[in-house]
Amino acid sequence: MPELPEVESVRRQLAPELTGRRVRDVTWDASPSARISDLDLLPGRRIEAVHRRGKFLLCPLDPTPDGDPLELVLHLGMTGSLSFTTTGGDTDPLPHVRVRIDLDDGRTLRFRDPRRFGRASVVPAGDYVDRIPTLATLGPEPLSPAFDPGGFAAALAATSAPVKAKLLDQRLVAGVGNIYADEALWRARIHPASRRVGRRRAAALHGAIVEVLTSAIEREGTTFRDYRMVNGASGRNATHLLAYGQADRPCQRCGEPLRRTVIAQRGTTFCARCQRH
DNA sequence: CACGCCTCCTGTGCGC
DNA sequence: TGCGCACAGGAGGCGT
């Protein structure tokens with residue numbers, strides 16, 4: 001669900017609330033899928049910051065009495081959301097709350113996740129290679145100088161999968177998901193199934209990715225159903241989508257009805273007339 | 001290693 | 001109204 005703009009919008013609300021807070025207690029439902037791990041290390045730790053890398057939220061913690069620096073890693077998966085209770089008890093019990101983190105100010109941070117695709121783990125700070133391989137191999141942050149057109153073009157040229165699959169892969173560029181992949185490819189006029197993207201078109205796609213992510217962050221993300229910010233508000237980007245979810249509606253450039261297909265097992269909407277192979 | 005298919009979960013909306 | 005199926009913002013595992 002949440003892609004980079006949604007996770008960044010959550011982070012911006014979460015950081016001032018969590019930074020400096022100490023964890024009093026943690027409860028979670030032990031799912032068989034091991035996506036929740038080592039949360040027993042949280043009580044007593046202080047949350048030093050809330051960072052984002054791709055679609056991951058990273059919360060560095062103060063060192064344990066043993067001196068080990070730890071990090072809380074959260075991933076919202078498709079349907080994850082975070083919110084606070086004001087009192088210790090739940091006046092309004094939410095369904096599908098998987099993790100509760102009780103803080104030293106009396107509030108509880110709740111991690112709700114109906115489909116259980118999200119993740120919550122405590123790891124030794126920065127130790128991702130063995131524990132969270134996708135985080136270890138994440139591509140450059142698209143809104144940082146590390147994401148440059150030349151490197152992006154070279155990475156696109158190095159493999160032969162459909163360009164949309166490469167955008168979803170997270171190793172070429174971090175944080176792009178199904179919505180913004182369709183939006184960026186539409187803007188750059190590149191067919192999502194194209195396996196050849198040359199230097200020129202790579203530069204156009206690079207620019208389109210930066211644009212769609214930047215404007216989506218300004219609108220605090222795209223809400224369909226589950227995605228909410230920490231304060232419960234919806235993002236405002238849904239009405240600005242030009243490709244994702246717009247199948248059968250006219251292309252805003254050429255008027256051709258947009259088509260839906262499946263690429264990399266994901267629903268994909270594109271204009272067969274102005275997005276070229 | 002690259003690629004592509006299947007799976008993990010739960011809920012919702014649609015056609016019949 | 002009820003049932004079954006397709007589909008949903010992500011990504012991990014496995015076979016080729």
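For A:Arg171, counting side-chain heavy atoms from C-beta on, the closest listed nucleotide (C:dG9, B:dA2, C:dA11) is B:dA2. Distances were taken from every side-chain heavy atom of A:Phe224 (C-beta onward) to each of B:dC9, B:dG4, C:dG9; the shortest belongs to C:dG9. For A:Asp226, the listed nucleotide lying nearest its side chain is C:dG9; candidates were C:dA8, C:dG9, B:dC3. Nearest to the side-chain atoms of A:Ile179 among the listed nucleotides B:dG11, B:dC3, C:dG9 stands C:dG9. The side chain of A:Arg98 lies closest to B:dT10, out of B:dT10, C:dG10, B:dC3.
Atom CG of A:Asn231 has more than 12 heavy atoms from other residues, nucleotides or ligands within 6.0 Å. Counting non-hydrogen atoms of other residues, nucleotides and ligands closer than 6.0 Å to CZ of A:Arg259 gives a total of 12 or fewer. In this structure, A:Arg249 places its CZ atom where only 12 or fewer heavy-atom neighbours from other residues, nucleotides or ligands lie under 6.0 Å away.
The heavy-atom pair separating A:Arg131 from A:Asp38 by the smallest distance is NH1-OD2, 3.7 Å.
The closest donor-acceptor contact from the side chain of A:Glu256 to the backbone of A:Cys254 lies at 3.5 Å or more, if one exists at all. At least one donor-acceptor pair closer than 3.5 Å links the side chain of A:Lys166 to the backbone N or O of A:Leu156.
In summary, the side chains of A:Ser83 and A:Arg110 do present a donor paired with an acceptor at a separation below 3.5 Å, with no hydrogens or angles considered.
For the P atoms, the distance linking C:dG12 with B:dG11 amounts to 23 Å, nearest Å. As rounded to the nearest Å, C:dC5 and B:dT7 have P atoms that lie 16 Å from one another.
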Find every protein N or O atom lying less than 3.5 Å from an N or O atom of nucleotides 12-16 of chain C, and list the pairs.
unit_1, atom_1, unit_2, atom_2, d
C:dG12, OP2, A:Thr134, OG1, 2.7

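At least one test fails for A:Arg98 against the ring of A:Phe111: distance under 6.0 Å to the centre or angle within 45° of the axis.
Mapping A:Ala161 and A:Arg225 onto DNA chain B via the closest heavy atom, the residue that lands nearer the 5' end is A:Ala161.
Residues A:Phe224 and A:Tyr244 place their aromatic rings such that the two centres sit under 6.0 Å apart.
A:Arg115 contributes a side-chain N or O that forms a donor-acceptor pair with the base of B:dC9 under 3.5 Å.
In this structure, A:Tyr244 reaches the sugar-phosphate backbone alone: every heavy-atom distance under 4.0 Å involves primed, P, OP1 or OP2 atoms, never a base. Residue contacts shown for A:Thr222 include a base, since a base heavy atom lies under 4.0 Å away. Backbone-only contact: A:Pro162 has heavy atoms under 4.0 Å from sugar-phosphate atoms and none from a base.
Taking the side chain as every heavy atom from C-beta outward, A:Ile179 and A:Glu3 approach each other to under 4.5 Å. A:Phe147 places a side-chain heavy atom less than 4.5 Å from the side chain of A:Phe152.
Residues A:Asp182 and A:Lys164 are paired through a salt bridge, judged by an N-O separation under 4.0 Å between the basic side chain and the carboxylate.
When rounded to the nearest whole Å, the span between CZ of A:Phe117 and P of B:dG11 equals 12 Å.
Helical stems in DNA chain C, defined as runs of 3 or more consecutive Watson-Crick or G-U wobble pairs with donor-acceptor distances under 3.5 Å: B:2-8 with C:10-16, B:10-16 with C:2-8.
Non-hydrogen atoms lying under 4.0 Å from DNA chain B are contributed by nothing in residues 181-191 of chain A.
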